[in-house]
Amino acid sequence: MPELPEVETTKNGIAPHILNQTIERIDIRQPKLRWPIPDDVPTKLPGQVVHSVTRRGKYIGVQTDAGTLIIHLGMSGSLYFVAPETPPMFHDHVDIHFAGLNKVLRYTDPRRFGAMLWQEGDWQTHELIAHLGPEPLTDAFNIDYLYEKAKGRKQAIKQFIMDSKIVVGVGNIYANEALFMAGIRPTHAAGNISKARLAVFVDCIKTVLAAAIAQGGTTLKDFVSGEGKPGYFKQELKVYGRAEQPCVTCQAPLKEIRQGQRSTVYCAHCQK
DNA sequence: CAAGACTCCTGTCAGC
DNA sequence: TGCTGACAGGAGTCTT
């Protein structure tokens with residue numbers, strides 16, 4: 001389940017290998033991902049040179065002069081290189097071949113929650129991307145911005161912060177962790193939290209994500225060879241996946257509830 | 001507009 | 001042992 005750190009690491013891992021390389025062909029064995037892979041992907045990409053690989057939220061853009069291949073890993077997707085003749089397994093849906101490159105970029109996604117899309121021109125104008133909130137690690141995501149967005153909102157802070165129109169890249173795991181670090185109860189209405197506490201929350205989100213990206217590089221450092229298995233550094237997680245276990249701060253057993261079909265774990269003593 | 005429910009998909013695991 | 005059902009989860013879409 002790639003969160004933003006894994007997507008960033010994936011992007012950084014594949015970019016140096018495919019930059020300035022010419023796409024030879026795209027083999028699509030299973031076009032039915034979250035949405036069908038558009039015909040433009042296999043028809044317009046061959047012959048194109050990759051001139052940049054960038055990330056927006058959890059979307060990766062592989063840009064060429066003809067257009068951009070937009071990739072989302074969903075929750076079970078991964079991208080990695082394999083030797084050219086490596087036989088595909090059942091969930092290996094797409095292979096991207098490059099001219100003169102002695103390896104193939106393979107997309108695997110057992111649950112097919114991921115996507116491959118196509119956008120000509122500026123790829124960030126794609127309708128799924130144009131309305132996304134700011135990147136969490138940029139200055140655009142700051143206390144003044146978040147306070148304005150939260151004003152009047154009755155939605156629980158956890159669900160609010162997981163809304164990609166508010167800010168991208170804060171998935172369930174990191175929402176739980178950042179709320180614990182900030183000492184904020186996940187069920188607290190977003191609009192009722194003081195500006196001072198929201199400011200702490202902003203800092204905690206940045207801290208948690210930055211640390212995870214730093215670790216993500218380590219977690220997935222072998223993924224280029226196709227062996228990477230992200231573990232989210234479970235020992236680093238303070239609340240996620242630790243229901244009923246003692247709070248690392250006060251030893252009280254952590255509580256688990258459900259918010260919008262998502263599991264939330266928190267410490268009723270430390271998070272107010 | 002806001003908020004919640006529903007949906008896609010399959011591996012994993014608990015329960016019988 | 002094998003089957004059934006619940007569950008997880010990103011995020012778009014539908015409903016209220």
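By convention in this document, chain letters (A, B, ...) are assigned in the order of the sequence lines, proteins followed by strands, and residues within each chain are numbered from 1.
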[X] has an atom [atom1]; how far is it from atom [atom2] of [N], in whole Å?
X        : N      : atom1 : atom2 : answer
A:Gln259 : B:dA2  : CD    : P     : 19 Å
A:Lys165 : B:dA3  : NZ    : C1'   : 13 Å
A:Ile161 : C:dA11 : CD1   : P     : 14 Å
A:Lys154 : C:dT16 : NZ    : P     : 20 Å
A:Met162 : C:dA8  : CE    : P     : 12 Å
A:Met89  : B:dT10 : CE    : P     : 16 Å
A:Gln159 : B:dA5  : CD    : C1'   : 11 Å
A:Trp35  : B:dC8  : CH2   : P     : 14 Å

Answer yes or no: does a side-chain N or O of [X] lie under 4.0 Å from OP1 or OP2 of [N]?
X        : N      : value
A:Tyr59  : C:dG12 : yes
A:Arg153 : B:dC1  : no
A:Arg111 : B:dG11 : no

CA sep, side-chain torsions, deciding dist, call: A:Arg25, A:Asp27, salt bridge (Lys or Arg N to Asp or Glu O under 4.0 Å): CA-CA 7 Å; A:Arg25 70 171 200 276; A:Asp27 292 343; 2.9 Å; yes

What is the ring orientation for A:His93 with A:Tyr107, classed by angle as parallel under 30°, tilted 30 to 60°, or perpendicular over 60°?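 Rings of A:His93 and A:Tyr107: tilted, as their planes differ by 30° to 60°.
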
Geometric cation-pi criterion A:Lys103 and A:Phe81, 6.0 Å radius, 45° cone: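 Pair A:Lys103/A:Phe81 counts as cation-pi.
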
DNA chain C: 5'-proximal contact among A:Gln261 and A:His72 (nearest heavy atom):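 Nearer the 5' end of the strand: A:Gln261.
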
With heavy atoms under 4.0 Å as the rule, sort [X] into base, sugar-phosphate or nothing.
X        : result
A:Leu128 : sugar-phosphate
A:Arg34  : base
A:Phe90  : nothing

Side chain of A:Lys58 only, heavy atoms from C-beta on: which candidate in C:dA8, C:dG10, B:dT10 is closest?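 Looking only at side-chain atoms, A:Lys58 lies closest to C:dG10.
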
When you measure from the side chain of A:Phe113, which nucleotide among B:dC9, B:dG4, B:dT10 comes out closest?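 Given the options B:dC9, B:dG4, B:dT10, the side chain of A:Phe113 is closest to B:dC9.
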
Begin from the C-alpha positions of A:Arg242 and A:Glu256 and carry the test salt bridge (Lys or Arg N to Asp or Glu O under 4.0 Å) through to its verdict. CA-CA 9 Å; A:Arg242 296 192 65 246; A:Glu256 177 165 27; over 6 Å; no

Is any N or O donor-acceptor pair between the side chain of A:Arg262 and the base of C:dG10 shorter than 3.5 Å?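 When only heavy-atom distances are counted, A:Arg262 does reach the base of C:dG10 through a donor-acceptor pair under 3.5 Å.
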
Once rounded to the nearest 0.5 Å, what's the spacing between atom OG1 of A:Thr68 and atom CG of A:Asp122?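 Output value for this atom pair is 8.0 Å.
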
